[in-house]
Amino acid sequence: MRDLAANLDDYFRSRFGTTLERALADATAGVVTPALGRHVEIVCDPASSYVHDDDGLSEHFQGALAVEGISYRFRCSVFTDGGGARFVESIDQLELVDWSVRLAMPCGNAESG
């Protein structure tokens, strides 16, 4: 799982100029990361939460991530501190679910002659 997360993070950095963790933190807050455009879709649902003594909040989410035709299932934990700063504590599951390849074929009729 670590290799998959590291590879996705590298791809997010090079292709979109952001990180996998930032994309997940934004998605769990209901924010669409503008840099991801139409190429990435993240949907998630809250699974549980825990309020810490220092007013921090740990929230656990499960969801799906689709990146240019490749679908993943994930679970992650996001921590929000007392000041409102959010970051991904952990990505507990990241699993490849489905992938497909699209091949562009030229249109038109080839005439011999």
Side-chain angles (χ1 to χ4, degrees):
M1 200 267 319
R2 172 67 188 126
D3 291 339
L4 183 55
N7 289 340
L8 263 176
D9 189 61
D10 289 345
Y11 182 75
F12 272 58
R13 288 174 190 271
S14 66
R15 175 79 162 88
F16 306 112
T18 190
T19 64
L20 174 61
E21 288 186 6
R22 176 79 279 150
L24 291 176
D26 287 350
T28 58
V31 175
V32 176
T33 306
L36 302 180
R38 299 178 320 248
H39 305 283
V40 177
E41 182 180 357
I42 304 172
V43 294
C44 54
D45 295 312
S48 65
S49 62
Y50 175 78
V51 178
H52 298 272
D53 292 337
D54 63 356
D55 292 330
L57 175 66
S58 290
E59 297 174 282
H60 307 280
F61 295 88
Q62 58 189 14
L65 164 70
V67 182
E68 300 190 63
I70 304 173
S71 299
Y72 305 88
R73 185 178 6 231
F74 70 89
R75 278 190 280 155
C76 68
S77 299
V78 177
F79 180 77
T80 306
D81 67 18
R86 294 173 55 86
F87 65 90
V88 174
E89 287 182 296
S90 63
I91 300 173
D92 304 314
Q93 175 189 9
L94 183 61
E95 176 181 5
L96 179 65
V97 176
D98 186 34
W99 64 276
S100 61
V101 176
R102 291 186 288 178
L103 180 61
M105 300 295 289
C107 294
N109 296 331
E111 295 182 27
S112 58

- Message: If hydrophobic clusters are built from ILVMFWY residues whose side chains come within less than 4.5 Å, do Leu20 and Leu96 share one?
- Response: yes
- Under the side-chain contact (heavy atoms from CB on, under 4.5 Å) test, which residues partner Asp10, sequence neighbours left out? none
- Could you walk me through whether Ser77 and Phe61 pass side-chain contact (heavy atoms from CB on, under 4.5 Å), step by step? CA-CA 6 Å; Ser77 299; Phe61 295 88; over 6 Å; no
- Would Val78 and Leu24 count as a side-chain contact (heavy atoms from CB on, under 4.5 Å) if you check the C-alpha gap in whole Å, the side-chain angles of each, and the deciding distance to 0.1 Å? CA-CA 9 Å; Val78 177; Leu24 291 176; over 6 Å; no
- Query: Are side-chain heavy atoms of Ser71 and Leu65 found at a separation under 4.5 Å?
  - Reply: no
- Item | side-chain contact (heavy atoms from CB on, under 4.5 Å) assessment of Ile91 paired with Gln93 | CA-CA 6 Å; Ile91 300 173; Gln93 175 189 9; over 6 Å; no
- Quick one: salt bridge (charged side-chain N to carboxylate O under 4.0 Å, His left out) pairs with a partner in residues 13-34, sequence neighbours left out? Asp9-Arg13, Arg15-Glu68, Arg22-Asp26
- Item | Ser90 versus Arg75, side-chain donor and acceptor atoms under 3.5 Å | no
- Item | Of all pairs that satisfy ring pair (Phe, Tyr, Trp, His ring centres under 6.0 Å), the ones with a partner from residues 76-96, not counting sequence neighbours | His52-Phe79, Phe79-Phe87
- Query: Can you name the nearest heavy-atom pair linking Cys76 to Thr28, along with the distance?
  - Reply: SG-CG2, 4.2 Å
- Message: For a 4.5 angstrom cut-off between non-hydrogen side-chain atoms, does Glu59 reach Thr80?
- Response: yes
- Are Val88 and Val67 connected, step by step, through hydrophobic side chains (Ile, Leu, Val, Met, Phe, Trp, Tyr) whose heavy atoms are closer than 4.5 Å? yes
- Query: With a 4.5 Å limit on heavy-atom distance, are the side chains of Leu8 and Tyr72 in contact?
  - Reply: yes
- Give a yes or no on whether Val40 and Leu4 share a hydrophobic cluster (residues Ile, Leu, Val, Met, Phe, Trp, Tyr; joining criterion: side-chain heavy atoms under 4.5 Å apart). yes
